[in-house]
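Presented below is the structure to which this report refers.
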Amino acid sequence: MAAIYSLYIINKSGGLIFYKDYGSKGRMDTNDSLRVASLWHSMHAISQQLSPINGCSGIELLEADTFDLHCFQSLTGTKFFVVCETGTQHMEALLKVIYELYTDYVLKNPFYEMEMPIRCELFDINLTQVVQKDRVALLGR
Amino acid sequence: MIGTGKIKQYANVLDKPLGKGKQEVSLSAFAFLFSELVQYNQTQVDNISELETRLEDAGYAVGARVLELLCHRDKGNRRETRLLGILSFVHSTVWKVLFGKVADSLEKGTEHEDEYMISEKELLVNRFISIPKDMGTFHCGAFVAGIVKGVLENVGFPAVVTAHFVPVEGQQRPRTTILIKFAEEVLRREARLG
């Protein structure tokens with residue numbers, strides 16, 4: 001069954017500001033998640049330079065044997081990426097929804113400092129709802 | 001002289017009729033503006049109660065102006081003189097104009113005669129705000145409490161108005177209650193009027 005393993009949000013300098021894992025596989029402790037985040041940030045930047053096509057905006061999808069990694073970069077350089085089971089559908093749409101939640105519940109929160117780790121209750125609640133709904137929709141198919 | 005088109009030109013801008021105004025304003029724009037208001041005030045104060053006071057003062061100014069506008073537009077320059085009248089004015093008309101819907105409920109306090117409560121599942125101003133744990137009982141609804149205070153005081157019903165979170169079983173997010181405590185003279189006058 002298609003499943004999400006984890007979600008990462010990194011700020012424009014590559015620091016991890018949000019990490020959530022959803023259970024089955026790919027759990028990481030704090031240090032490892034920070035390493036993956038900065039690793040991905042660098043790879044994303046390098047890929048932009050290496051690309052043979054002009055105006056490339058970086059890696060959007062990484063397919064491996066045991067997982068897929070979908071990445072979405074906003075216009076401001078904030079990157080949302082999700083590690084999921086191979087062949088999971090509609091991850092781009094999910095990332096866009098998560099971006100919308102970010103702009104609503106994180107950026108409109110007066111107590112959130114830009115580029116700092118996200119500690120917003122409302123963001124967590126709504127994120128759980130969205131992923132839950134997504135899971136239910138996937139299982140129903 | 002040939003007419004200047006459909007719009008009637010007024011010599012003095014004060015003679016122009018007070019329009020209905022824009023019915024809809026962008027929620028995001030308001031949310032960002034309010035967020036900035038809170039952040040700005042945070043830099044100016046030393047503690048949480050001062051921050052609440054500042055938000056309340058900002059709301060007070062809004063309340064005073066909204067009252068004048070509504071009395072002129074909707075009520076035909078008449079104002080309420082009875083307690084229940086003014087409370088339902090705040091609960092319905094003011095809420096409708098500011099937030100697009102009437103408040104969820106209006107209750108009379110059980111413990112004290114002079115207390116009334118307007119409850120909302122979630123205040124519009126708080127829609128996108130998550131209070132960090134270390135801020136304790138701080139409530140951005142102090143702004144709305146200020147609005148209510150501004151309306152009530154300028155209509156002749158002085159009161160102390162505060163906003164509180166009330167936990168509800170079965171729900172993760174607490175409800176918000178605006179607690180209105182009227183001054184002595186209001187109750188005496190009300191009793192006199194019978």
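The structure displayed is predicted, hence computed values, not measured ones. Lettering follows sequence order; numbering is per chain, from 1.
In this structure, chain B has a heavy atom under 4.5 Å from the side chain of A:F111, while its backbone stays farther away. Heavy-atom distances place no part of B:Y40 under 4.5 Å from chain A, backbone and side chain included. In this structure, chain A has a heavy atom under 4.5 Å from the side chain of B:Q42, while its backbone stays farther away. Both the backbone and the side chain of B:I131 come within less than 4.5 Å of a heavy atom of chain A. In this structure, chain A has a heavy atom under 4.5 Å from the backbone of B:R127, while its side chain stays farther away.
B:F157 carries B:R189 over the face of its six-membered ring, with the cationic atom under 6.0 Å from the centre and within 45° of the normal.
For the side-chain contact (heavy atoms from CB on, under 4.5 Å) criterion with B:M117, the lone passing option out of B:T177, B:V166, B:T110 is B:T177.
A salt bridge links A:R35 with A:D32: the distance from a Lys NZ or Arg NE/NH1/NH2 to an Asp or Glu carboxylate oxygen falls below 4.0 Å. For the pair B:K101 and B:E120, the salt-bridge criterion is met [side-chain N within less than 4.0 Å of a carboxylate O]. Between B:K108 and B:E113, at least one side-chain N (NZ, or NE/NH1/NH2) sits under 4.0 Å from a carboxylate O, which counts as a salt bridge.
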Let's go through A:E113 and A:R119 carefully: what are the C-alpha distance in whole Å and the side-chain angles of both, what is the deciding distance for salt bridge (charged side-chain N to carboxylate O under 4.0 Å, His left out) to 0.1 Å, and is it a yes or a no? CA-CA 10 Å; A:E113 272 178 72; A:R119 301 238 182 286; over 6 Å; no

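Note on B:Q39, B:M135, B:K133: by heavy-atom pairs under 4.5 Å with chain A, the leading option is B:Q39. If you tally non-hydrogen atom pairs under 4.5 Å between each of B:L27, B:V38, B:N126 and chain A, the highest count goes to B:V38.
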